[in-house]
Amino acid sequence: MSTYSDLQWRGLIGDISNPEKINEFFENKGSAYVGFDPSAKSFHLGNYVTICVCRRLSEAGHKVYTLVGGITGQIGDPRDPKLSNDVVLERRLKTKQEIADNIVALTAQLKKYAHSYETINNADFYKDMTIADYLRDVGKLINVNYLLEKDVIARRLETGISYAEFSYTLLQGYDSLYLYQNKDIICQFGGQDQWGNITTGLEMIRKVVGSDNKACCFGIPLLLKEDGTKFGKSEKGAIFLDANITPPFQMYQFFINQPDSEVEQLLKKFTFFSKEQIINIVEQHTSDPKLRIGQKAIAKEVLTDIHGIEVFNKCAKIADALFTNNLDSLSNEELYEGLSSANSYVVNADEINVLDALVNSGLVSSKGDARRLVEQNAISVNNTPVSDIAYNLTKANGYDNKFSYIKKGKKEYCLIEWK
């Protein structure tokens, strides 16, 4: 199977700019790039799909570059009202130091995961350019009417958009022109939500180089969950690749808890299994879904790639201990990591009554329910049954004076964090 066919089969190619030029790019193993704005100190799972496309292209013989937006990140691309739940769509401007710190962190992740030929900072494109140079050399290339036809900009006009965000697409478009002229990079790819910005680059290249250029681009369909929200989100927010932001066990649980209907597409997009291997895993999974063979295969591949096999094995151990109610087999560190994926409640005191802890943590809805469960021996604290409604959890009796946990019934936990 060709690289192009494989990407299509995996659902990783949406819109394309020109079929003839795209085919030529893949056949001749042309150079490509993808851009990321430094909006955080770590990529999340949604970004990871795109990063994996970098690797797929690189392993197929393409020279792949990654770009971090030292300039574009100072503005931020316009949020699409269609894809955002935020009332305030205009992005908060990050400080230059925040951006610099994020670039360092993201560049390290790209080096580790993307296997790109080189990571470029687009701030270098503008360091010797004055505002007059920019307006003459870049601003003159694109008509305002052309920008107004872009879907995201058109939707934002209804809610309001600053000139800074309105001009963002020109900056991203110039990235393509600059890289085409100076690095011989002929293809740009990125998330489908960036399609308007990506194609602006093609328009600039056409204006400067002419219609007989080799430039092309393709969009990667956004990975959405069953409810239509962006993939990579959990109740606690985005699932980041950095273990200091998202504990690995939380990422593990995120994949294990994916619905059966998502297994096939996640195997295609997140793993480097062959088509034959994926078909086999899906068949095994379908024959007995309760074993969660598909979810476990995805979790193992992604966790091992991002955090290493030892971390994956630890996550699997924690999950097994939680499932079998064998928490005593875990170290304090493993126990804390496993419980951190459950509900949590911070106590700013040295003790708290068990009824108050149950209600405040959200494990029960009222003190009446809490009292009934305690009296029915349905509550335990640190794996010890509690039947006295006057019982107090104490920091001194917690694990390392750091945390305790409450269990309701057989499977429902709450982490109590002592401060």
Side-chain angles (χ1 to χ4, degrees), residues 85 225-227 229 233-240 243-259 290 292 295 299 314-419:
N85 295 322
K225 297 189 290 186
E226 283 185 316
D227 61 4
T229 59
K233 298 284 187 179
S234 71
E235 291 182 0
K236 295 193 175 185
I239 305 296
F240 289 95
N244 295 314
I245 302 175
T246 299
F249 185 71
Q250 189 176 330
M251 180 185 290
Y252 176 91
Q253 287 291 87
F254 180 80
F255 282 113
I256 291 297
N257 292 328
Q258 289 301 307
K290 69 177 180 294
R292 307 193 80 73
Q295 289 93 336
K314 184 177 80 167
C315 291
K317 173 188 174 183
I318 293 171
D320 181 66
L322 289 171
F323 183 76
T324 60
N325 193 29
N326 187 26
L327 273 61
D328 289 340
S329 66
L330 301 177
S331 67
N332 289 359
E333 179 186 351
E334 291 169 338
L335 180 60
Y336 180 81
E337 185 168 350
L339 293 171
S340 65
S341 64
N343 291 331
S344 62
Y345 173 60
V346 176
V347 178
N348 293 302
D350 290 336
E351 65 178 25
I352 185 172
N353 177 260
V354 66
L355 301 184
D356 291 329
L358 285 166
V359 174
N360 295 344
S361 66
L363 275 177
V364 300
S365 58
S366 68
K367 275 199 173 182
D369 288 340
R371 183 179 295 105
R372 176 177 54 80
L373 288 170
V374 169
E375 292 173 343
Q376 292 176 351
N377 295 313
I379 299 297
S380 65
V381 174
N382 298 341
N383 215 25
T384 300
V386 172
S387 58
D388 183 1
I389 60 173
Y391 178 86
N392 286 341
L393 288 78
T394 66
K395 184 175 183 177
N397 289 333
Y399 295 88
D400 301 328
N401 288 325
K402 179 181 178 182
F403 70 97
S404 300
Y405 71 91
I406 302 176
K407 185 176 71 170
K408 182 179 81 171
K410 294 182 178 180
K411 301 289 184 182
E412 204 167 348
Y413 295 92
C414 179
L415 177 68
I416 303 297
E417 299 194 65
W418 300 103
K419 297 298 182 182

Please set out all donor-acceptor pairs under 3.5 angstrom arising from side-chain atoms of residues 410-419, sequence neighbours excluded.
residue: K411; atom: NZ; partner: F323; partner atom: O; Å: 2.6
residue: E412; atom: OE1; partner: K408; partner atom: NZ; Å: 3.4
residue: Y413; atom: OH; partner: N325; partner atom: OD1; Å: 3.4
residue: E417; atom: OE1; partner: Y336; partner atom: OH; Å: 2.7
residue: W418; atom: NE1; partner: S404; partner atom: OG; Å: 2.9

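- In this structure, the side chain of N382 does not engage the main chain of I406 through any donor-acceptor pair within 3.5 Å.
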| task | Run the numbers on L327 and Y405 for side-chain contact (heavy atoms from CB on, under 4.5 Å), then give the verdict. | result | CA-CA 11 Å; L327 273 61; Y405 71 91; 3.7 Å; yes
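- Sorted by first and then second residue, the ring pair (Phe, Tyr, Trp, His ring centres under 6.0 Å) pairs involving residues 352-393 (not counting sequence neighbours) form an empty list.
- Looking at V354, V347, D350 one by one, the single match for side chain to side chain contact (heavy atoms under 4.5 Å, CB included) with L393 turns out to be V354.
- With hydrogens and angles ignored, the 3.5 Å screen pairs no side-chain donor or acceptor of N383 with any backbone N or O of N326.
- For the side chain to side chain contact (heavy atoms under 4.5 Å, CB included) criterion with I379, the lone passing option out of L355, L373, L363 is L373.
- What you find for P259 and Q295 is that their closest heavy atoms are C-NE2, 4.0 Å.
- Annotation: the span from K317 atom NZ to S331 atom OG amounts to 6.0 Å, rounded to 0.5 Å.
- Of all heavy-atom pairs between I256 and A299, the closest is CD1-CB, 4.2 Å.
- When atom types are taken as modelled, the side chain of S361 and the backbone of L358 share a donor-acceptor pair closer than 3.5 angstrom.
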| task | Check the pair I352, N392 against side-chain contact (heavy atoms from CB on, under 4.5 Å), reporting the backbone distance first and the verdict last. | result | CA-CA 5 Å; I352 185 172; N392 286 341; over 6 Å; no
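- Interatomic distance, CZ of F403 versus OG of S344, reported as 12.5 Å (0.5 Å rounding).
- Pairs engaging residues 371-387 under the salt bridge (charged side-chain N to carboxylate O under 4.0 Å, His left out) rule: D369-R372 [sequence neighbours left out].
- With sequence neighbours excluded, the residues forming a side chain to side chain donor-acceptor pair (under 3.5 Å) with D356 are K367, listed by chain and number.
- Atom CG in D328 sits 9.0 Å away from atom CG in L335 (nearest 0.5 Å).
- In terms of heavy atoms, E334 sits closest to S329 at OE1-O, 4.5 Å.
- Looking at residues two or more places apart in sequence or on another chain, you find no side chain to side chain donor-acceptor pair (under 3.5 Å) involving D388.
- Annotation: the span from C315 atom SG to Q250 atom CD amounts to 11.0 Å, rounded to 0.5 Å.
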Scan the side chains in residues 395-402 for donor-acceptor partners under 3.5 Å anywhere in the protein, sequence neighbours excluded, and list what turns up.
residue: N397; atom: ND2; partner: T394; partner atom: OG1; Å: 3.0
residue: D400; atom: OD1; partner: N332; partner atom: ND2; Å: 3.2
residue: D400; atom: OD2; partner: N332; partner atom: ND2; Å: 3.1

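- We find the CG-CZ distance between L339 and F249 to be 8.5 Å, quoted to the nearest 0.5 Å.
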| Hey, mind stepping through V346 and N348 against side-chain contact (heavy atoms from CB on, under 4.5 Å) and telling me if it holds? | CA-CA 6 Å; V346 176; N348 293 302; 4.1 Å; yes
